[in-house]
Protein chains: 4
Amino acid sequence: MDTHLQSSLDQATENIGRDRPTTKREQRAASIEALLTKALTLFITQGYHATTVEEIAQSADLTKGAVYFYFKSKANVLKALLDRTEELTVEPTIAAMEAAGKDPVDRLNAFVRSQSVIGAEKTEYMLLAILMSAEFNGSGDEIETRLTDLMARMENALRETVKVGQESGAFRNGIGPDELASVIMATNKGCYVEWYMRGGDLKGHDFARAFRDFVFDGVAART
Amino acid sequence: MDTHLQSSLDQATENIGRDRPTTKREQRAASIEALLTKALTLFITQGYHATTVEEIAQSADLTKGAVYFYFKSKANVLKALLDRTEELTVEPTIAAMEAAGKDPVDRLNAFVRSQSVIGAEKTEYMLLAILMSAEFNGSGDEIETRLTDLMARMENALRETVKVGQESGAFRNGIGPDELASVIMATNKGCYVEWYMRGGDLKGHDFARAFRDFVFDGVAART
Amino acid sequence: MDTHLQSSLDQATENIGRDRPTTKREQRAASIEALLTKALTLFITQGYHATTVEEIAQSADLTKGAVYFYFKSKANVLKALLDRTEELTVEPTIAAMEAAGKDPVDRLNAFVRSQSVIGAEKTEYMLLAILMSAEFNGSGDEIETRLTDLMARMENALRETVKVGQESGAFRNGIGPDELASVIMATNKGCYVEWYMRGGDLKGHDFARAFRDFVFDGVAART
Amino acid sequence: MDTHLQSSLDQATENIGRDRPTTKREQRAASIEALLTKALTLFITQGYHATTVEEIAQSADLTKGAVYFYFKSKANVLKALLDRTEELTVEPTIAAMEAAGKDPVDRLNAFVRSQSVIGAEKTEYMLLAILMSAEFNGSGDEIETRLTDLMARMENALRETVKVGQESGAFRNGIGPDELASVIMATNKGCYVEWYMRGGDLKGHDFARAFRDFVFDGVAART
DNA sequence: TATGAATGAGAGTTCATTCAT
DNA sequence: GATGAATGAACTCTCATTCAT
């Protein structure tokens, strides 16, 4: 039996009949997880500034002190969430584009599909990046830089692909790659926000397909 | 001679050779104008909650008290700006669509052209509506309703046009009109925000054309 | 009748039968005065850090907000008090030394007499400087510099006088002027604190005379 | 063989070739020692209130919990240090005065010499008593009493000596013994603090001699 | 012996708002 | 028409302390 599985069993055994974590490590992980999950929801529904540390703590059945014990500051809570965001949204998207090979059409395809998947599974993280970018824009805050960098990674990959596609004649010419890539990103971000704000009223499948077609038809070479 | 006219004459006399308004009415109008103009800029650059009444007042070379004298509350300043927003962005757009006749293609054309004009001339008002919608979303605030209603007027006109276009076969079918209209609005809003946040880096003409093409190609009937 | 007196009478007339200040200027002056007076007492009896803004405000029958309205921060309350301290203790002492002429014995005499007068009339301001110097020592705070500078003005004047006296043979030699001046300052500060902490038990006249003799006999030339 | 001895032998064996303590007793002693040493420095450099339990613990490479394990409270850390202070500063001084015989001049000599020695070797403990007296003065705290008592032992011995000296004609008359003793204590304390705050700038030997002469000349009988 | 998670009281500070002048 | 004094509620953050492990 492999040792990883064994240790999992040990832990499981220790925990029989309990739903509260017992070891300190588990406690820590559980508390951090609860705090981050609740903070994520609160930040995107209310905004960062409108969310109080007290609210975050209470949502996770803890006190303010616990938030500061784990994160030292409210800003650090957001930073921790942005780390996750980068890991769960930016990196998979860029990886998917890389994996798609060199053809710009394939890469754009990979971008759009990746965004659709994230939109279905990790919506909140992507939304966080978008909404916080707006909220912190022009603040001069350290977080602003963090957000700009995060979004720039995606935008750079996209712009590069657009450029290559224009050069190869696969994508429309006559419009700068910066502007074309920006409209794609704008559409992408706009759709996330629209989906979040009116999600209940919209059919996800239709909405995603419309988004996909907008991007593809929008960049297609003019004939 | 009635006293009202007399006092008007007095005021006119007083104002000879000055460029600062002196009559109470002018004073009033000038102060309100200054306050609203500065508040508009502050709300879109910093957000509503992050902007203090003190900042608004100081930007307009007045004191907090003046803000309360004219508007009774901070929320009212925003409401006044939303009144202007409706007048300057929503109404012209809807009027343009009405004026374009019954053909859905013409109407969509009118919508997109109107948005381009507003984007060039009244960017800040449109941005206010978009950014405040995000900031107040889910707040339960009275302002939320105001914003929802304001945006809904535009969206309803758009949805109706999309629907008619689909029925006539001019626009693509197979996707609900709600979803299609939402992606258009999402693209529209996304482009405003993108433009605002990266304006300096982008060529306006290219950006606007890309936006326009995205919308038209996106809604075009599939062949 | 001169206009200044007239306006004083006007104000007096306005205030007949009231003990609350009426004009805004008076209000402001009264509030600031109350706040500073109470803060002075609290800072020297409890220390700066142990004194809360709430306490200062309540002592002056105001709220915390008023403290921030006038001083912007707790640190500024102390800074305002240090301005007064410099004006009421350091400057008179240095002025007295200057006025005493060039003879070092006269100058030292002036220093000691001035300190006795201050000890009798402005004890609290002098104590503030001494106690805050100890509390902020090594803090790296901006206030630390302010305090060091303030005390240095007195110490420099004293050291210079000591030096001249040593050179003229009026004061003892064989000990550096720095060290001699420091022991004088130490005795001076020590007496202020001792007086403050045990004031009730001590006869002021005897205590002051003993202090004076300590200084004069201590610096006297060895025969 | 009794088990206690056995375990001692075991411990001795365990420790061969190490310089880190290993037995529980040694560990305990080492931890307590580290904690107290670091706390002493922190209390005099930052003050008691400005020093956090966390800082004390980290300085000693331990955690907050350890401080509470050994001392039960922050106040107890200070109390333990005050016990040491009494033992290392008050008692030697009083013992030296007793040992000097009955002559008040010899006793005062013993006091001054003892303070010079302490000033050179145990400065920090003496400073702790002086600075904490100021910080806790008027706090109503239990520690205030402890400090008052501690200082009073020294001051009483000094006052008694002064009194005897005045009665025998060796010391100046015309000033109450309380006042004279207080000025001596004030000079003493003042010099400790001055030395601590400006130590780097001053020559210890000169400073100590000036202090000594101040006291002797200050109490000398007037001729 | 000592740790690390967590608490809760209270600190300094900000800000929308009120009101007498 | 507009100011400036003042409030009070809420916010971020700190810290001595407790306790299960």
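Within every chain, numbering begins at 1; the chains are lettered A, B, ... in the order of the sequence lines, protein sequences first and strands thereafter. Values below: every heavy atom of this structure, side chains too, minus hydrogens, waters and symmetry copies. Note that the structure is a prediction, hence the values are computed from the model and not measured.
Across the protein-nucleic acid pair, C/Gln27 atom CD and F/dA5 atom P stand 8 Å apart, rounded to whole Å. We find that CD of C/Gln58 is positioned 15 Å from C1' of E/dG12, with the value rounded to whole Å. Counting to the nearest Å, the P atom of F/dT12 and the OH atom of A/Tyr48 are 8 Å from each other. F/dA20 atom P lies 16 Å from atom CZ of D/Phe69, rounded to whole Å.
C/Lys79 meets the side chain to side chain donor-acceptor pair (under 3.5 Å) test with C/Glu142; sequence neighbours excluded. Among residues two or more places apart in sequence or in another chain, the side-chain contact (heavy atoms from CB on, under 4.5 Å) test is passed with B/Ser139 by B/Phe136, B/Asp141, B/Glu144. Checked against side-chain contact (heavy atoms from CB on, under 4.5 Å), A/Ala80 has the following partners two or more places apart in sequence or in another chain: A/Leu36, A/Phe71. Take D/Asp83 and apply the side-chain contact (heavy atoms from CB on, under 4.5 Å) test, not counting sequence neighbours, and it matches D/Arg146. Partners of D/Arg28 by salt bridge (Lys or Arg N to Asp or Glu O under 4.0 Å), not counting sequence neighbours: none found. Listed by chain and number, the residues in a side chain to side chain donor-acceptor pair (under 3.5 Å) with C/Ser133 amount to none (sequence neighbours excluded). The side-chain contact (heavy atoms from CB on, under 4.5 Å) check on A/Gln58 picks up A/Glu54, with sequence neighbours excluded.
Put simply, the residue from B/Leu42, B/Leu78, B/Leu131, B/Leu128 that forms a side chain to side chain contact (heavy atoms under 4.5 Å, CB included) with B/Tyr48 is B/Leu78. Screening B/Leu81, B/Leu40, B/Ile56 for a side chain to side chain contact (heavy atoms under 4.5 Å, CB included) with B/Leu35, the sole residue that qualifies is B/Ile56.
Sorted by first and then second residue, the pairs that involve residues 32-44 of chain B and meet salt bridge (charged side-chain N to carboxylate O under 4.0 Å, His left out), not counting sequence neighbours, are B/Glu33-B/Arg84. Pairs of residues two or more places apart, or lying in two chains, never qualify as ring pair (Phe, Tyr, Trp, His ring centres under 6.0 Å) while including a residue from residues 51-70 of chain A.
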Watson-Crick and G-U pairing of DNA chain F, under 3.5 Å, as dot-bracket with | and [ ]: .||||||||||||||||||||
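Considering only the side chain of C/Lys24, E/dT21 comes nearest among E/dT21, E/dA6, F/dG1. Taking the side chain of C/Ser31 as heavy atoms from C-beta on, and the options F/dA6, E/dA5, F/dC13, the nearest nucleotide is F/dA6.
Contacts between residues 132-139 of chain D and DNA chain F, defined by a heavy-atom separation under 4.0 Å, are absent.
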Hey, what are the protein-to-nucleotides 8-11 of chain E N/O distances that come in under 3.5 Å?
unit_1, atom_1, unit_2, atom_2, d
E/dG10, O6, A/Lys64, NZ, 2.9

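Taking 4.0 angstrom as the limit, D/Arg28 places a side-chain polar atom (N or O) nearer than this to OP1 or OP2 of E/dT1. Checking the phosphate oxygens (OP1, OP2) of F/dA6, a side-chain nitrogen or oxygen of C/Tyr70 falls inside 4.0 Å.
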